[in-house]
Structure formats: C-alpha cells, structure tokens
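Before any comments, here is the structure.
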Number of protein chains: 2
Amino acid sequence: MSSKKPKKVNIKYIAKIAGVSPSTVSRALRDDPNANKETKKRILKIAEELDYYPNLLAKGLRSKRTKTIGVILNDLKNPLYYDTIKAIEDKLNEVDYTMILCDSNYSQEMERKNIITMLSKGVDGVILSPVNAKSENIKIIIENNLKAVCIDAVPNYKNINYVYVNHEIASFVATEYLIKNKHQHILLLNGPYQLSSSKAFLKGYLKALKKYSIKPNRALIKYIDLSIESGCEFFKKIYQDRKIVGNINFTSILCLSDLLAIGIYKASHELGFSIPNNYSVIGYDNIFATEYLSPPLTTVHAPKIRVGKYSVDILLEQIEGKDTEFKKIDLEPRLVERGSVKKIS
Amino acid sequence: MSSKKPKKVNIKYIAKIAGVSPSTVSRALRDDPNANKETKKRILKIAEELDYYPNLLAKGLRSKRTKTIGVILNDLKNPLYYDTIKAIEDKLNEVDYTMILCDSNYSQEMERKNIITMLSKGVDGVILSPVNAKSENIKIIIENNLKAVCIDAVPNYKNINYVYVNHEIASFVATEYLIKNKHQHILLLNGPYQLSSSKAFLKGYLKALKKYSIKPNRALIKYIDLSIESGCEFFKKIYQDRKIVGNINFTSILCLSDLLAIGIYKASHELGFSIPNNYSVIGYDNIFATEYLSPPLTTVHAPKIRVGKYSVDILLEQIEGKDTEFKKIDLEPRLVERGSVKKIS
DNA sequence: TTGTAAGCGTTATCAA
DNA sequence: TTGATAACGCTTACAA
C-alpha cells in the first residue's frame with residue numbers, strides 16, 4: 001500500500017510516514033510532556049523534511065487560541081500611529097503572534113464591522129483606538145469577553161483596559177506654555193466635534209485659560225478634520241475672512257494634531273506669513289519629521305511607542321491568564337520646545 | 001426538550017431555533033441560490049437577533065478561502081510604506097478582506113518565518129517586499145502556490161507577480177538632474193549593500209554618470225542603513241574626516257531614501273552648514289512631510305498608493321481565478337523639484 | 001428546496 | 001507513552 005504525498009502535508013500524513021498515530025504526531029509537534037523523547041525527535045525530523053507547516057485554522061478552531069492580535073485604528077493615515085504599530089509588531093514578533101490591522105476611518109459602523117471581524121477570526125485580543133469613548137461597539141467587546149486594550153481614549157466602560165495619553169494634560173501644558181509666552185488670544189484647532197480626543201483637548205485648553213483668568217472665546221474654538229489639507233484650507237479661510245474668528249486678533253494656534261500644525265505651515269508658505277512672527281503654532285503628538293520643519297515645530301510629545309508596548313504587554317498577560325484585573329494606564333505627554341512659538345514682549 | 005443558548009451562537013443553534021437543518025442555515029447565510037427566499041429571510045432575522053457572527057476559522061478550514069491577505073514588509077518603520085498600507089487596507093475593506101501585517105526587519109530568516117505563518121494561516125494571497133530579489137523565500141511562495149505580489153523589487157523568478165517602482169530610473173533621473181545643475185561630484189548614499197534596491201539604485205546612478213561622461217568614483221558610493229540617524233551620523237563622520245570620501249569635494253548627495261536625506265538635514269542643523277548652498281541633497285520616495293522641510297526636499301516621487309492598489313487588484317483577480325497570468329508592472333517614479341538642489345554656476 | 005452525512009486538520013479525552 | 005475517537009463550526013455532495 002503506497003502512501004503518496006498529499007497536496008498539503010498534514011499530521012495524518014506524517015503519522016503514516018512515521019508509523020505512529022496522528023495524536024502522537026500532534027503531541028510531538030506541540031512538545032507535549034506526554035511524548036517519548038525519541039519518537040518526538042524522529043517525528044520532528046520527518047516534519048522538517050516534509051516541509052510541514054501547521055494549519056493554523058484547524059488549530060485555532062480546535063484550541064480556541066490563534067496567537068493573533070487585532071489592531072483597529074481610526075485613521076491609518078495619521079503618522080501618529082506608525083510608531084505604535086511598529087512597537088506592537090515588534091513585541092508580537094518576539095512571542096510569535098501576528099497582527100491583523102484594520103482602519104475604521106472614524107466611522108462607528110466600520111468600527112463595529114471590524115470588531116466583529118476580529119471576533120469571527122478568533123483573535124486572542126484587540127487593541128482599539130475607539131471612534132468614541134462611549135461607543136456601543138466597546139460593549140460588543142465586553143459582552144463577547146474579547147480581551148481588549150483601548151488606546152487614544154478613556155472608554156466609558158469599567159470592564160476594559162486602556163492605555164491613554166492624557167489629551168487634557170497635553171492641551172493644558174501647551175496652552176499654559178503659550179500663555180507664559182504672553183499669548184492671550186489662542187485659536188484652538190480641534191479635531192472633529194464628536195471625537196473623544198477633541199473633548200479632552202478642549203477641557204485642558206479651558207482649564208489653562210481659567211487658571212490664568214483668560215476668558216475663553218467661542219469664536220476661537222474650531223472643529224475640523226485631522227489632516228494637513230484640512231488645516232491648511234481652514235486657516236486660509238480664516239486668513240481671508242476674519243469674521244470666522246469673530247474678528248479677534250489671535251496670536252497663536254494650538255492644534256490637536258501635528259497634522260493640522262503642518263497644515264498651517266503649508267498655509268504660511270502659500271500666503272506668505274511667518275511662523276512664529278505672525279502666528280505662533282503648537283502641535284500635539286510629535287509625529288515624524290516635525291523636528292525638521294522650519295521652524296522646528298513646538299509640540300507636545302505623545303509616548304507612542306510606549307502605548308504600543310504596554311498595550312501588548314497587558315493583552316499577553318491577560319491572554320495567558322496571569323492577570324485578569326483591568327489595567328488603566330494614563331501616560332503623560334510632555335512639551336517639546338522648539339521654534340514655532342514666539343515670546344511676545 | 002429545551003435548547004439553551006450555547007456560549008457562542010453557531011449555525012447549529014440557529015438551525016434548532018429556526019427548526020431547520022444546519023445546511024439550510026448555512027445556505028441562507030451564504031445567500032446560496034438553493035435557498036427559499038422566505039426561509040432565508042427568516043433565518044437571517046434569527047441570526048441577527050442572536051448576534052450571530054460566523055466562525056471564520058471553521059469557514060476557512062472547510063472552504064480553503066479566508067478572505068485574508070498577508071502583507072510582509074521589510075521595515076515597518078519606514079514611512080514609505082504607510083501610503084501603500086493605507087491603500088491596501090482601503091481596497092481590501094471594499095471587498096471585505098482583512099490584512100495581516102508583518103515586518104521582516106531586513107532579515108531573510110524572519111521573512112521566511114513570516115511567509116510560513118501566512119501559509120499556515122491560510123491567507124488567500126500575500127504582498128511581499130522581499131529582503132532580496134533572489135531570496136530563497138520567494139521559492140517557498142511559488143512551491144506552495146501562494147498567490148503573491150512582490151513590491152519594491154523585481155524578483156529573480158518568473159512565476160510571480162510584481163509591482164515595481166523602478167529604482168534604476170529613479171536614481172538615473174535624480175543623477176541627471178544633479179548633473180544638469182552642474183554637479184560633477186555626487187555622493188551616493190545607498191542602502192545596505194545586499195538590498196536589491198541598492199543595486200538598482202547604483203545602476204541608475206552609474207548610467208547617468210556614464211551618459212554625461214563623468215567618471216564614477218568608488219569613494220563616493222556608500223552603503224548605510226536606511227534611517228534618519230544612520231544618515232545623520234554617517235554624514236557627520238564624513239564632514240569630520242574627508243578621507244572617507246577620498247578627499248573629494250563633492251557638491252551634492254543622492255540618497256536612496258528620503259530618510260537619509262532628512263538625516264543630512266539633521267546633520268546640517270547640528271553642524272551648521274547650509275542646504276543647498278554647501279551641499280545639494282536629493283532624496284527618493286517623496287515620503288510624508290518632505291515638502292514642508294526647509295528647504296523643501298527635492299526628491300523622486302514613488303507612486304506608493306498605486307503600488308498598494310495595483311497589488312491588491314492583481315491579487316484579487318487571481319484569487320477569483322479570473323486571471324492566472326503573471327503580472328509584471330513597472331511603475332515610473334518622477335522627479336519632484338523643490339528647494340534642496342542648487343544650480344552651480 | 002431541504003436534510004443527511006462526511007470531512008477540512010487539528011486537539012482533547014479516554015482507554016489501552 | 002500511545003492510539004482510537006469525538007469534536008471544534010463550517011461547507012458540500014448527495015439523496016430525498
């Protein structure tokens with residue numbers, strides 16, 4: 001009876017070649033303690049020779065573990081996430097996990113779809129940058145006992161981990177810095193209104209104004225999309241029509257994202273005004289290349305790499321079942337003084 | 001006989017509730033033509049109410065299709081890839097595919113591991129930025145009939161698709177531009193020696209020199225790691241010790257990657273020389289933010305978004321079985337004139 | 001149009 | 001220490 005090589009080498013086939021049962025092969029491959037050392041060695045050698053690789057779908061189906069982590073982001077285009085993604089991938093690599101990467105494009109519906117995909121794919125955990133802190137989608141995660149870490153927002157639910165970079169502190173620090181440089185009228189370029197980050201950012205801004213008894217002005221608080229283009233276009237509009245900001249002579253601009261700050265740089269090139277002489281600009285995130293802009297962008301650094309590392313750490317620990325307590329980590333951003341803010345004398 | 005809800009809702013359970021067989025449910029869910037419209041509607045409604053989501057592991061195991069694409073890159077840290085990743089993700093989203101993202105860190109061994117993981121996970125196809133065009137790893141892909149598109153290098157195998165941005169043309173165009181601006185001594189900051197891209201890039205550089213009868217000088221051809229730091233450090237060394245470049249008074253620098261170019265910008269800040277007055281710099285890729293540097297970086301634009309789109313298009317077509325012919329796409333980069341190259345008079 | 005039953009490649013349980 | 005067998009949740013002949 002000849003046993004020809006099947007299209008794909010599997011445990012059954014190895015078993016046949018080795019003259020043992022499939023279970024023995026399975027045990028050998030998994031380095032099960034219930035396995036004779038000699039047979040194990042023999043089987044491993046055969047597997048190697050046959051270029052065997054496991055079918056992880058079958059394995060996952062049976063064992064309920066996939067060694068896969070889902071990463072669901074809001075905006076893959078934002079360089080803010082690059083460092084985090086890289087950090088996640090590096091960590092996962094060390095422990096032989098893989099990453100499924102998704103983008104929700106700030107849409108609740110897509111986020112929902114992405115979460116369900118993760119569930120369907122049987123990932124062991126997810127790292128989620130939620131569209132909204134109150135998102136119903138987070139409930140889906142909790143109800144399905146999916147291990148998860150939220151980044152970028154403090155979720156409105158108790159039973160979930162998060163690693164948060166405190167946006168409120170970020171804008172507070174930035175605003176205070178502007179005030180100390182004698183800026184009284186600060187234009188706040190915030191993200192979209194419904195974004196949790198925007199709310200936190202506004203809070204810190206108002207808090208700082210209050211501390212220094214500066215009356216906030218609604219006309220100076222703007223909500224726009226987070227992109228270079230959006231920042232540039234919006235600023236050009238303001239530049240041309242000061243009514244948009246209630247005819248207030250603001251001297252500085254605080255941006256929720258470095259992308260917006262770069263947008264203002266772009267506008268400055270096109271319109272010919274000077275940063276920081278005409279307008280001081282301060283960003284947030286400290287994304288790639290901001291230090292090489294001219295002038296180098298003063299911004300608030302977000303510890304993006306740590307966000308990725310901690311998230312994976314938390315996830316892995318909980319997957320291993322070592323630690324079931326929910327982790328709430330609050331990371332502090334720090335001001336990076338560079339050249340885009342002018343001291344008013 | 002009561003039928004209690006299991007931990008996870010599955011087809012069997014829905015079948016029980018609906019009073020039909022599992023196969024009927026399966027057909028309904030898959031929108032199989034062999035399914036009564038009424039029952040289908042009923043089943044869909046029940047599935048919805050029960051918050052059913054499919055087990056994609058089981059589905060994939062059985063049907064040999066996972067609606068998953070693997071993306072294996074060399075260097076997740078390089079911003080070059082993010083436009084491509086975003087484009088891939090967007091396209092995949094449209095057709096309900098998911099992406100597994102891996103980083104090989106320029107290591108053949110990790111690349112091999114990543115490819116085998118993809119095989120194990122049963123992905124329907126991969127997009128690979130190979131460590132090396134001759135990589136044995138590509139053979140693994142071919143032997144296993146894994147549908148694949150190489151990006152970033154023309155693989156040394158016939159039976160594989162690729163979408164290539166022609167690095168040779170890129171460096172040729174850039175070098176020619178420098179020459180036309182009267183630069184005779186051009187320092188080439190290439191990537192690591194074993195990298196296919198480096199080889200192609202060198203070729204174009206030499207070709208352009210030849211065309212204008214400029215004798216190439218080995219001392220002006222350098223191989224270094226692709227990062228801002230590496231570019232900066234290396235240039236600082238040269239600056240301090242001109243012997244490294246054979247004491248040649250080069251006037252311009254051509255970089256395989258914008259990262260290296262930014263490294264030189266960094267060095268210029270630290271050492272206090274001027275771009276382009278002391279040295280002209282030209283990069284490659286046209287990555288994020290290069291246009292906002294000061295001076296704006298003259299570079300060669302790589303159509304990164306198209307790389308992603310085309311790759312997915314090819315993969316999907318071949319997965320659907322519509323087109324089995326191997327696609328070899330050669331994309332032309334184009335020069336983007338900005339401010340980092342000076343015309344020598 | 002529907003149901004029965006086998007099977008995808010693993011692992012887990014139990015008995016030998 | 002090993003093997004037989006069932007099961008994970010789904011799809012797919014085939015039969016009804």
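The chains referred to below are lettered A, B, ... by the order of the sequence lines, with proteins before strands, and numbering in each begins at 1. Computed from heavy atoms alone, side chains included, the values below leave out hydrogens, waters and symmetry copies.
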For nucleotides 9-16 of chain C, 5' to 3', base contacts (B), sugar-phosphate-only contacts (S) and non-contacts (-) with protein non-hydrogen atoms under 4.0 Å give BBBB----
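The CG-P distance, from N34(A) to dG3(D), rounds to 13 Å in whole Å. Between the CD1 atom of I14(B) and the C1' atom of dC10(D) there is a distance of 12 Å, given to the nearest Å. Separating the CZ atom of R42(A) from the C1' atom of dT2(D) is a distance of 12 Å, rounded to the nearest angstrom.
Between K77(A) and D103(A) there is no salt bridge, since none of the side-chain N atoms of the basic residue sits less than 4.0 Å from a carboxylate O of the acidic one. Using a 4.0 Å cut-off between charged nitrogen and carboxylate oxygen, D313(A) and K309(A) do not count as a salt-bridge pair. Between D31(B) and K40(B) a salt bridge is recorded (basic side-chain N to carboxylate O distance below 4.0 Å).
Side-chain contact check for N74(A) and S104(A): no donor-acceptor pair (N or O, by modelled atom type) lies under 3.5 Å. The closest side-chain donor-acceptor pair between T68(A) and K121(B) falls under 3.5 angstrom. No side-chain N or O of T117(B) forms a donor-acceptor pair with one of S120(B) less than 3.5 Å apart.
A close approach under 4.0 Å does not occur between any side-chain nitrogen or oxygen of S21(A) and OP1 or OP2 of dT2(D).
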